[in-house]
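Report on the structure given below.
Nothing fancy with the numbering, it's 1 onward along the sequence.
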Amino acid sequence: MLWTVAVVVVARDFIPTAPQLSFDLPTARVVGVYLVFTALLAVLGPILPGRTYEGSVLADGSRLLYKCNGLIVTLFVVALLAAGTFLRVFDPAWIANHFSSLFLTANLFAVGLSAYLFVMGRLARSNHRLAPSLWWDFVMGSELNPFVLGVNVKFFSYRPAMAGWLLVNLSFLCKQYQLVGYVTTRMALYQGMTAWYILDYFVNEPKMLSTWDIMAEKFGLMLVWGDYVFIVFAFSIQNFFLVDDRTPISPALVLVSLACFALGFVVFRGANSQKHCFKRDPSATIWGKPAVAVGGKLLVSGFWGLARHMNYTGDLLLALSFCLPCGFTSSLPYFYLIYLLLLTVHREQRDEERCSHKYKQLWDAYCRHVPYRMVPFIY
Ligand code: NDP
């Protein structure tokens with residue numbers, strides 16, 4: 001919740017180019033639109049076509065099934081809004097104009113959903129060992145894979161997160177066009193790179209099934225709030241700096257942003273894909289050779305032989321590229337980068353602890369083989 005206060009303070013008091021931002025309380029219309037958007041994503045998932053994949057093996061030996069059609073669902077919603085704009089029944093800047101009330105609505109929704117999951121989780125586990133503290137259960141979650149109305153809500157929640165971020169961005173893009181009369185290079189750069197990242201997420205949705213969040217994290221306020229609030233409203237903060245900024249960007253900064261994005265993308269997607277392919281097929285080919293793994297379990301080929309968390313490093317480079325188009329007049333657009341740096345360093349330490357506990361001497365051998373955590377020869 002501290003993050004909420006921080007974002008509100010940042011947005012209200014420090015963002016110089018956000019004159020159109022006022023902190024309105026959620027209206028019935030805003031709440032209605034938010035709920036319809038979330039419900040639409042939930043309904044479209046089962047209806048629209050898509051391939052179904054098996055998740056990793058659970059503690060009881062079973063596997064859940066995941067229909068990975070987030071791309072088509074998101075494109076459908078974008079097409080719907082584009083049609084609404086074309087037919088003049090929807091103002092494409094509506095989301096940008098209602099940013100603050102949507103943000104507050106999303107907070108209420110996240111707290112409500114977390115409370116519901118908490119109560120349902122406690123009821124379901126009433127005969128089992130209870131968590132050490134109620135607060136811990138509420139924040140970190142009490143169930144690994146909670147279902148609400150038949151929807152696997154942890155996997156589903158990435159959709160309102162990533163599609164929501166895309167829609168906020170597109171709305172600010174349209175807002176800039178309305179305000180300025182054209183789209184600036186800075187805005188186009190930010191929009192192009194983030195849209196690529198978001199759509200790539202959906203293209204690679206099946207690879208989420210081998211991530212830590214899906215396999216090991218319970219679903220409580222921390223992840224719920226991250227999905228429904230933080231990704232949508234904090235990752236998009238650069239828009240406030242870009243929407244009315246007509247200052248030309250230097251060609252050098254364009255090139256640096258694009259280079260950073262390209263390198264980040266290759267590392268991020270490459271590392272995540274290599275691990276995913278290896279988990280699915282330990283004899284997979286990586287960089288033209290059969291995968292090599294310590295004890296047959298811990299991959300040391302490809303990016304996983306350069307450092308133990310190169311996927312985080314790639315993500316950080318991508319985050320930097322999303323901030324660079326805002327220039328250097330304020331540190332606030334770098335909020336996403338700073339947040340991700342804190343998150344990944346904290347996460348890599350928690351993950352190392354978990355892996356050390358799980359793999360024991362094998363993990364020590366892996367650490368000897370690959371001594372760097374995130375940046376080869378540095379960290
Ligand atoms: P990882 O995909 O790195 O998953 C870590 C797990 O992978 C470990 O617990 C272990 O699990 C397995 N593993 C670790 N090393 C190896 C190895 N050498 N060989 C085989 N398996 C290994 O982490 P996350 O799930 O946290 O992140 C996935 C991606 O999502 C990252 O790129 C991250 O940057 C991104 N992300 C982005 C966020 C954002 O806010 N932008 C937030 C969170 C994540 P096992 O027990 O299965 O072996």
Side-chain angles (χ1 to χ4, degrees), residues 7-27 29-30 33-34 37 74 77-106 162-199 229 231-251 253-254 257-258 261 319 321-337:
V7 173
V8 169
V9 169
V10 163
R12 192 192 56 201
D13 293 338
F14 296 105
I15 296 175
T17 54
Q20 62 285 1
L21 187 76
S22 60
F23 278 90
D24 305 321
L25 288 176
T27 59
R29 186 155 189 240
V30 168
V33 168
Y34 185 82
F37 164 67
T74 302
V77 173
V78 171
L80 215 58
L81 294 181
T85 302
F86 184 72
L87 296 171
R88 296 181 185 276
V89 291
F90 174 73
D91 172 9
W94 189 88
I95 298 171
N97 291 336
H98 294 83
F99 185 88
S100 62
S101 37
L102 283 167
F103 170 68
L104 295 173
T105 304
M162 300 301 275
W165 181 16
L166 180 67
L167 293 187
V168 169
N169 284 353
L170 292 177
S171 186
F172 272 95
L173 177 77
C174 297
K175 174 122 192 120
Q176 180 176 70
Y177 190 76
Q178 290 176 356
L179 280 174
V180 181
Y182 61 93
V183 173
T184 63
T185 309
R186 289 177 192 276
M187 180 62 104
L189 202 54
Y190 170 77
Q191 291 283 339
M193 294 188 300
T194 48
W196 180 291
Y197 180 77
I198 294 166
L199 295 178
V229 181
I231 292 182
V232 182
F233 298 95
F235 286 19
S236 58
I237 215 164
Q238 288 93 321
N239 283 296
F240 287 102
F241 291 83
L242 296 170
V243 70
D244 202 15
D245 183 3
R246 298 158 209 227
T247 331
I249 184 171
S250 71
L253 191 51
V254 173
S257 305
L258 287 174
F261 176 76
S321 75
F322 300 157
C323 304
L324 285 173
C326 296
F328 306 104
T329 49
S330 167
S331 56
L332 288 169
Y334 291 80
F335 176 75
Y336 175 38
L337 176 66

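Counting only heavy atoms from C-beta outward, the side chains of V183 and L173 approach each other to under 4.5 Å. With contacts defined as side-chain heavy-atom distances shorter than 4.5 Å, the pair P26/H98 does not qualify. Y334 has its side chain within reach of L324: a pair of non-hydrogen atoms, C-beta onward, lies under 4.5 Å apart. When side chains are defined from C-beta on, L189 counts as touching L258, because their heavy atoms get closer than 4.5 Å. Using a 4.5 Å heavy-atom cutoff, the side chains of P325 and S257 are in contact. For the pair L253 and F328, the minimum side-chain heavy-atom distance is below 4.5 Å. With a 4.5 Å cut-off on side-chain heavy atoms, F99 and I95 do not count as touching.
Separating the CG atom in L199 from the OG1 atom in T74 is a distance of 7.5 Å, to the nearest 0.5 Å. Here the SG-CG distance, from C174 to L179, works out to 11.5 Å after rounding to the nearest 0.5 Å. Atom CE of M162 and atom OG1 of T194 lie 9.5 Å apart (nearest 0.5 Å). Atom CG in L102 sits 10.0 Å away from atom CZ in F37 (nearest 0.5 Å). Between atom CD1 of residue I231 and atom CD1 of residue I198 there is a gap of 9.5 Å, rounded to the nearest 0.5 Å. Note that CG of L337 is 9.5 Å distant from OG of S321, once rounded to the nearest 0.5 Å.
Below 30°, between 30° and 60°, or above 60°: for F90 and W94 the angle between ring planes is between 30° and 60°, a tilted geometry.
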**Asked** T329 and F241: side chain to side chain contact (heavy atoms under 4.5 Å, CB included), yes or no, with the steps?
**Response** CA-CA 10 Å; T329 49; F241 291 83; 6.0 Å; no
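Put simply, the side chain of Q191 gets close to the backbone of N169: a donor and an acceptor are under 3.5 Å apart. Remark: side-chain polar atoms of Q238 are not paired, donor with acceptor, to backbone N or O of C326 under 3.5 angstrom. Side chain of T85 to main chain of L81: a donor-acceptor pair is present (N/O by atom type, distance under 3.5 Å, no hydrogens or angles). Proximity of a side-chain donor or acceptor of R186 to a complementary backbone N or O of T247 within less than 3.5 Å is detected. For S236 (side chain) and W165 (main-chain N/O), no donor-acceptor pair under 3.5 Å exists by modelled atom type.
Between M187 and F172 the shortest heavy-atom distance is CE-O, 3.7 Å. The shortest heavy-atom contact between D24 and L104 is O-CD1, 3.7 Å. Closest of all the heavy-atom pairs between T184 and Q176 is N-OE1, 3.0 Å. A96 and S171 get closest at one heavy-atom pair: N-OG, 2.9 Å.
Separation of the Y182 and Y177 ring centroids does not fall under the 6.0 Å cut-off. Aromatic rings of F235 and F322 (six-membered ring for Trp) have centroids beyond the 6.0 Å cut-off, not under it.
The stretch residues 83-96 participates, sequence neighbours left out, in no salt bridge (Lys or Arg N to Asp or Glu O under 4.0 Å) pair at all.
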